[in-house]
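Down below is the structure, laid out as structure tokens.
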Amino acid sequence: MDNHILESKSVNVYYDDMHALKNISMKVEANSVTALIGPSGCGKSTFLRVFNRMNDYIEAFRMDGEVLMEGKNIYHKKMQVDELRKSIGMVFQKPNPFPKSIFENVAYGLKIQGIKDKEFIQNRVEKSLQQAALWDEVKSDLNKSALALSGGQQQRLCIARALAVEPRVLLMDEPTSALDPISTAKVEELINELKQNYTIVIVTHNMQQASRLSDYTAFFYMGDLIEFGKTEEIFRNPKVERTQNYITGRFG
Amino acid sequence: MSNKNTEKIIEWLLRLSALVTVLTTIGIIWVLLSESVSFFQQVSIIEFLTDTQWTPLYKDKHFGIMPLVSGTLLTTFIAVSVALPLGLVIAIYLSEYAPKKFRKTVKPLLEILAAVPTVVYGFFALMVVTPFLQTIIPNLSGFNALSAGIVMGIMIIPFVTSFSEDALQAVPKSLKHGAFALGSTRLQTSFRVMVPAASSGIVVSVILAFSRAIGETMIVAIAAGQQPRLTANPLVPIETITTYIVQVSLGDVPHGSLEYKTIFAAGMTLFVFTFILNNISFWIRKKFREKYD
Ligand SMILES: Nc1ncnc2c1ncn2[C@@H]1O[C@H](COP(=O)(O)OP(=O)(O)O)[C@@H](O)[C@H]1O
Ligand SMILES: [Mg+2]
């Protein structure tokens, strides 16, 4: 794996006295899907948030180690966090559209970058909604409030919103856990298409989803990275017994 | 005495105090209404609403409420234009920027500011703000709507801040995180996501501020003069509805006379204003609650 875009080096995370991530070193391959799996509370979401510094807003959070994006330490003092997040987008577990119109939601990221060109924004909004497989359902009423959409549509809207600024990496924290099976299938299909152009890191508690979608899988257990490798190998012959037990559903 | 009896007594006491409140309100409205009706039997509503002079205490009597309404609205608008921007900025700072500990100490302090007796604010307007403003605006009268309005604005800042801050805190954290994750700065998150999402609560705070300002008496009585005048000029003395009521109540106008009844007509007007404002804010709050449920 030499075409990696993200790398964590000996990352330790603490919430007050609780050691939530223990010495995690891992590389994320560019233009691939990496799944983070493990029982709940093992640190998957924490690790995901390490990459776009969303843990910074948690008061109890402390971290040591290094996190590199294309070789640059994103925890460096001079790092501009808002710039970083323009190249690392995030989709949350629960859809969180802004109480604005569908159009304004998708255009938001462009507008805060100071882009004023109406035609450019219009085109990008359409393109992102198409990428998120939502365009056909909403094209006739882009001015409708995003809150009027169904849960599945809201989540695809949030994906479109993240894609509109053309990030390099997309972090997804259990993006389908709040969705019905049909919406879930749509989002999975979407992830499969997006990996041509994006690097995706996805947290999931669904083993089938991990094996269907991902190229690499990382198994976490109580803050430790137990096993990391090609998804095929992890699922076909895991090296650690605990991984085996988790994947086959014997615990978790 | 058994527990059950204590319960019963407490229940009755609570019921009684609720009853007293309701009866008082009904009593006030009844007195206002009946005295106003008797006023309007002697003065036509048309004259009341259209005459441009209010001189019920003079020989040449006019009963046009407009000068008092204009005085009231003038000081109120000045107050709200001071309180809204400042109150909102402080609320945004407290809610989005300040550390939690700072917020927890400053908010109660601000609320103490709201508890300073208004007579103190009134003298502050008259003795400090007006002389200061006169150095900038030489033709400013000693009594004027401007200083009274500004100081009234300062008085209601904590009001706007407190309500707006509550509204900002009520916005789901997931929206804030969504905005940050898209690369918004704190400023962008505050003004493009948090404030719009809290807008109905903020509007309610402004309406309540309006209704507080409309009913404010002491500051305007001390610092704005007592000259009913139909004007939008903030530099000259004016009179508000509340001030007029105080002036007549304290004066030697005989009870039951037409002059005396004017204060009920004026009070009725005030009541209508605040009643409408409170209803609007109630309606917005109800709608707002439905949206987030
Ligand atoms: N904001 C927080 N404050 C304190 N502890 C937290 C916080 N978020 C998560 N934790 C703790 O860190 C551990 C890992 O949590 P998390 O990363 O959410 O796990 P996962 O996503 O795998 O379920 C858990 O024990 C959790 O209780
Ligand atoms: Mg999680």
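Reckoned from all heavy atoms, side chains included, excluding hydrogens, waters and symmetry mates. Order of the sequence lines sets the chain letters (A, B, ...), proteins ahead of strands, with each chain counted from 1.
- In this structure, no portion of A:L84 lies under 4.5 Å from any heavy atom of chain B.
- Of the atoms belonging to A:F98, heavy atoms from both backbone and side chain fall under 4.5 Å from chain B.
- Contacts between A:R161 and chain B at a heavy-atom distance below 4.5 Å involve backbone atoms as well as side-chain atoms.
- For A:D82 and A:R85, the salt-bridge test fails: no basic side-chain N is under 4.0 Å from an acidic carboxylate O.
- Between A:K139 and A:E126 no salt bridge is recorded (no basic side-chain N to carboxylate O distance below 4.0 Å).
- Comment: B:E96 does not engage B:R186 in a salt bridge, judged by the lack of any side-chain N to carboxylate O separation of less than 4.0 angstrom.
- A salt bridge is defined here as a Lys NZ or Arg NE, NH1 or NH2 lying under 4.0 Å from an Asp or Glu carboxylate O, and A:D173 with A:K94 fails to meet this definition.
- The pair A:E137-A:R156 meets the salt-bridge criterion, since a charged nitrogen lies less than 4.0 angstrom from a carboxylate oxygen.
- Contacts between B:K100 and chain A at a heavy-atom distance below 4.5 Å involve the side chain alone, from C-beta outward.
- Of all the listed residues (A:Q113, A:E83, A:K86, A:Q80), the one sharing the greatest number of non-hydrogen pairs under 4.5 Å with chain B is A:K86.
- Looking at A:P97, only its backbone comes within 4.5 Å of chain B, counting heavy atoms on both sides.
- Counting only distance, with no hydrogens or angles, the side chain of B:S95 and the backbone of B:A91 share no donor-acceptor pair below 3.5 Å.
- Only the side chain of A:E59 comes within less than 4.5 Å of a heavy atom of chain B; its backbone N, CA, C and O stay farther away.
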